[in-house]
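Following: one structure in structure tokens, then a few remarks.
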Amino acid sequence: MLDPARLRSDLDAVVARLADRGYSFPTAAFLALEQARKDVQVRTQDLQTRRNALSKAIGQARGKGEDTDALMAEVAGLGDQTRALEGELDRIKGELEALLLGVPNLPQAGVPQGRSADDNVEVRRVGTPTVFDFAAKDHADLGVGTGLVDFEAGVKVAGARFTVLKGAIARLHRAIAQFMLDVHTAEHSYTEVYVPYLVNADSMRGTGQLPKFEDDLFKVPRGAGDPPLYLIPTAEVPVTNLVRDAIVAADTLPLKFVCHSPCFRSEAGSYGRDTRGMIRQHQFDKVELVQIVAPDASDAALEALTAHAETILQRLELPYRTVVLCTGDMGFSAARTYDIEVWLPGQGAYREISSCSNFEAFQARRMQARFRNAAGKPELVHTLNGSGLAVGRTLVAIVENHQRADGSIAIPAALRPYMGGIDVIPAT
RNA sequence: GGGAGGAUGGCGGAGCGGUCGAACGCACCGGUCUUGAAAACCGGCAGGGGCUCGCGUCCCUCGUGGGUUCGAAUCCCACUCCUCCCGCCA
């Protein structure tokens with residue numbers, strides 16, 4: 001959520017910056033609501049003041065044994081009037097909040113101007129696209145070729161966009177996650193956390209998935225009277241919400257968490273896209289990096305977090321590039337985002353394998369996540385997160401980049417300790 | 001699932017329906033004292049919001065939501081969560 005004070009004091013600049021990312025701020029509706037809010041709030045508070053003063057006077061008079069009939073007559077009806085106006089104020093504030101919850105974050109200064117992914121700017125490229133002296137296959141063919149990736153079983157058990165892994169490929173999947181966790185905890189000093197995979201609506205609202213993107217989520221209804229839960233689309237949600245409604249001590253910052261979890265996405269609206277293979281699944285694993293930092297530290301933290309994610313690709317000998325997303329391609333809650341794209345020979349393209357963002361105070365304001373600053377006053381923290389990395393897509397990248405002419409797959413050296421020492425997954 | 005108790009500021013913990021946003025203690029901050037520190041003493045110290053150039057001032061918040069009342073931390077109802085006991089399951 002944007003800072004309401006800034007919206008009031010600097011509306012034109014905010015509207016202009018939102019337009020840069022293709023969002024049209026409902027200025028007229030906002031101004032009308034804001035005017036109504038101000039008007040009703042002042043009247044409400046005025047009534048409350050009078051009611052409180054008279055009530056207090058009644059108490060004092062009673063204490064002295066004086067007659068209170070005159071005061072009682074004066075206050076008669078004030079309570080009802082006040083309650084009516086309070087209800088009106090609540091309604092207006094609710095509308096205002098609903099409006100603001102639908103407004104995306106402001107891009108940082110320096111984020112390139114653009115409308116789509118075509119306008120993203122490459123900031124570095126590491127390694128070179130893998131070349132083969134044989135006809136390379138994509139991961140779907142390779143996986144089926146090993147007999148260890150079973151797309152049909154996934155469809156039978158659950159449906160489209162679900163996949164079953166077996167044997168050495170299932171182990172490779174596990175090895176990738178273990179490796180990432182070990183690197184981030186041991187070398188990058190993140191604290192590993194295990195969290196719920198079903199969360200409540202407050203958590204989804206805190207990180208920005210609700211109210212606007214409910215269609216992207218799997219919603220789990222419960223018994224009558226119990227509110228629904230939601231399957232997490234990323235560990236970002238439960239992990240970042242650890243600091244919701246909290247005031248943390250300044251000396252505990254930065255908080256750095258790493259979390260391996262499954263992620264569930266409805267993929268509504270992506271029909272027909274990436275239907276082949278396991279690039280886009282309803283369920284996939286991800287190792288997520290989350291940082292909670294002081295505001296003045298968030299820019300540097302984004303660079304560091306992105307580098308932590310890139311380390312994994314380097315260790316796995318995978319070529320990649322890092323791009324900064326343009327204003328028009330950024331996610332709803334982000335102020336600045338780097339996407340890390342791994343080279344996929346099967347597609348002959350770089351494909352997203354990690355997205356690292358600084359949300360500044362956008363999520364913190366929704367969550368009321370604060371720290372006690374040097375002045376001793378609560379102040380909103382900044383939140384960041386990034387994939388470090390998506391496990392399923394890393395599996396795809398390894399299979400495709402480390403394939404051999406006979407259809408077997410070489411295991412990168414970094415993963416062999418996690419694979420019981422084997423260095424190749426043979427084709428059947 | 002059954003029963004009992006509880007929820008108050010960063011923490012602990014008081015609070016006959018009326019000067020209670022809340023005693024007291026701890027923690028924290030500032031000061032006096034001290035070579036420095038500790039101790040002692042003095043003072044400060046919840047969050048959010050409105051109006052105001054500012055000094056200020058007003059409103060809301062004692063788990064959440066309703067209700068009673070001129071007035072609710074305090075009374076009533078519902079809900080949530082926590083603790084303990086019994087049962088059940090892992």
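Just so it is clear: chains get the letters A, B, ... in the order the sequence lines come, proteins before strands, and each one is counted from 1.
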| Taking atom P in both C24(B) and C41(B), what distance in whole Å separates the two? | 15 Å
Exercise. Evaluate the side-chain proximity of Phe257(A) to Glu288(A): yes if any heavy-atom separation is below 4.5 Å, no if none is.
Key: no
By side-chain hydrogen bond (donor to acceptor under 3.5 Å, both in side chains), Glu95(A) pairs with (sequence neighbours left out) Arg91(A)
Each nucleotide of nucleotides 47-62 of chain B classed B (base within 4.0 Å of a protein heavy atom), S (only sugar-phosphate) or -, in 5' to 3' order, makes SSBBS------BSS--
query = Given the C1' atoms of A46(B) and C81(B), what is the spacing between them in whole Å?
reply = 22 Å
Checklist entry - Got a salt bridge between Glu86(A) and Arg43(A), using NZ or NE/NH1/NH2 to carboxylate O under 4.0 Å? => result no
- Any sub-3.5 Å donor-acceptor pair from Ser357(A)'s side-chain atoms to Thr337(A)'s backbone N or O? no
Where RNA chain B forms runs of at least three Watson-Crick or G-U pairs (i with j, i+1 with j-1, under 3.5 Å), the stems are B:1-7 with B:80-86, B:10-12 with B:24-26, B:28-32 with B:40-44, B:46-51 with B:56-61, B:63-67 with B:75-79
Between G65(B) and U8(B) - P atom distance, rounded Å: 16 Å
For this session: Taking atom P in both G63(B) and U57(B), compute the distance separating them and give it to the nearest angstrom.
Result: 28 Å
Residues passing the ring pair (Phe, Tyr, Trp, His ring centres under 6.0 Å) test with Phe30(A), sequence neighbours excluded, are Phe25(A)
Donor-acceptor pairs are to be reported for all side-chain atoms of residues 325-332 of chain A against protein atoms at under 3.5 Å, with residues two or more places apart or in another chain.
{"unit_1": "Thr327(A)", "atom_1": "OG1", "unit_2": "Asp20(A)", "atom_2": "O", "d": "2.8"}
{"unit_1": "Thr327(A)", "atom_1": "OG1", "unit_2": "Gly114(A)", "atom_2": "N", "d": "3.1"}
{"unit_1": "Thr327(A)", "atom_1": "OG1", "unit_2": "Gly114(A)", "atom_2": "O", "d": "3.1"}
{"unit_1": "Asp329(A)", "atom_1": "OD2", "unit_2": "Asn120(A)", "atom_2": "ND2", "d": "3.0"}

Determine whether the aromatic ring centres of Phe218(A) and His282(A) lie less than 6.0 Å apart.
yes
Is there any protein nitrogen or oxygen under 3.5 Å from a nitrogen or oxygen in nucleotides 79-83 of chain B, and what are the pairs?
none

- Whole-angstrom distance between C59(B) and U32(B), as gauged at atom P: 38 Å
Contacts table for residues 101-108 of chain A: side-chain donor-acceptor under 3.5 angstrom, sequence neighbours left out:
{"unit_1": "Asn105(A)", "atom_1": "ND2", "unit_2": "Ser333(A)", "atom_2": "O", "d": "3.0"}
{"unit_1": "Asn105(A)", "atom_1": "ND2", "unit_2": "Phe359(A)", "atom_2": "O", "d": "3.2"}
{"unit_1": "Gln108(A)", "atom_1": "NE2", "unit_2": "Asp299(A)", "atom_2": "OD1", "d": "3.0"}
{"unit_1": "Gln108(A)", "atom_1": "NE2", "unit_2": "Glu360(A)", "atom_2": "OE2", "d": "2.8"}

Residues 410-425 of chain A, side-chain donor-acceptor partners within the protein, below 3.5 Å, at least two apart:
{"unit_1": "Arg416(A)", "atom_1": "NE", "unit_2": "Ile411(A)", "atom_2": "O", "d": "2.9"}
{"unit_1": "Arg416(A)", "atom_1": "NH2", "unit_2": "Ile411(A)", "atom_2": "O", "d": "3.0"}
{"unit_1": "Tyr418(A)", "atom_1": "OH", "unit_2": "Asp182(A)", "atom_2": "OD2", "d": "2.6"}

Below 3.5 Å is the cut-off: list the nitrogen or oxygen pairs between protein and nucleotides 14-21 of chain B, distance only.
{"unit_1": "G18(B)", "atom_1": "O6", "unit_2": "Arg62(A)", "atom_2": "NH1", "d": "2.3"}
{"unit_1": "G18(B)", "atom_1": "N2", "unit_2": "Ser55(A)", "atom_2": "O", "d": "2.6"}
{"unit_1": "U19(B)", "atom_1": "N3", "unit_2": "Gln60(A)", "atom_2": "NE2", "d": "3.0"}

Side-chain donor-acceptor distances from residues 174-181 of chain A under 3.5 Å, at least two apart:
none

Sorted by chain and number, sequence neighbours left out, ring pair (Phe, Tyr, Trp, His ring centres under 6.0 Å) with His188(A) holds for His184(A), His308(A)
Q. With rounding to whole Å, what would you report as the distance between C26(B) and U19(B) at their P atoms?
A. 27 Å
In whole Å, what separates the P atom of G1(B) from that of C88(B)?
-> 15 Å
Residues at least two apart in sequence or cross-chain that pass side chain to side chain contact (heavy atoms under 4.5 Å, CB included) with Asn200(A), listed by chain then number, are Asp202(A), Ser203(A), Leu229(A), Arg244(A)
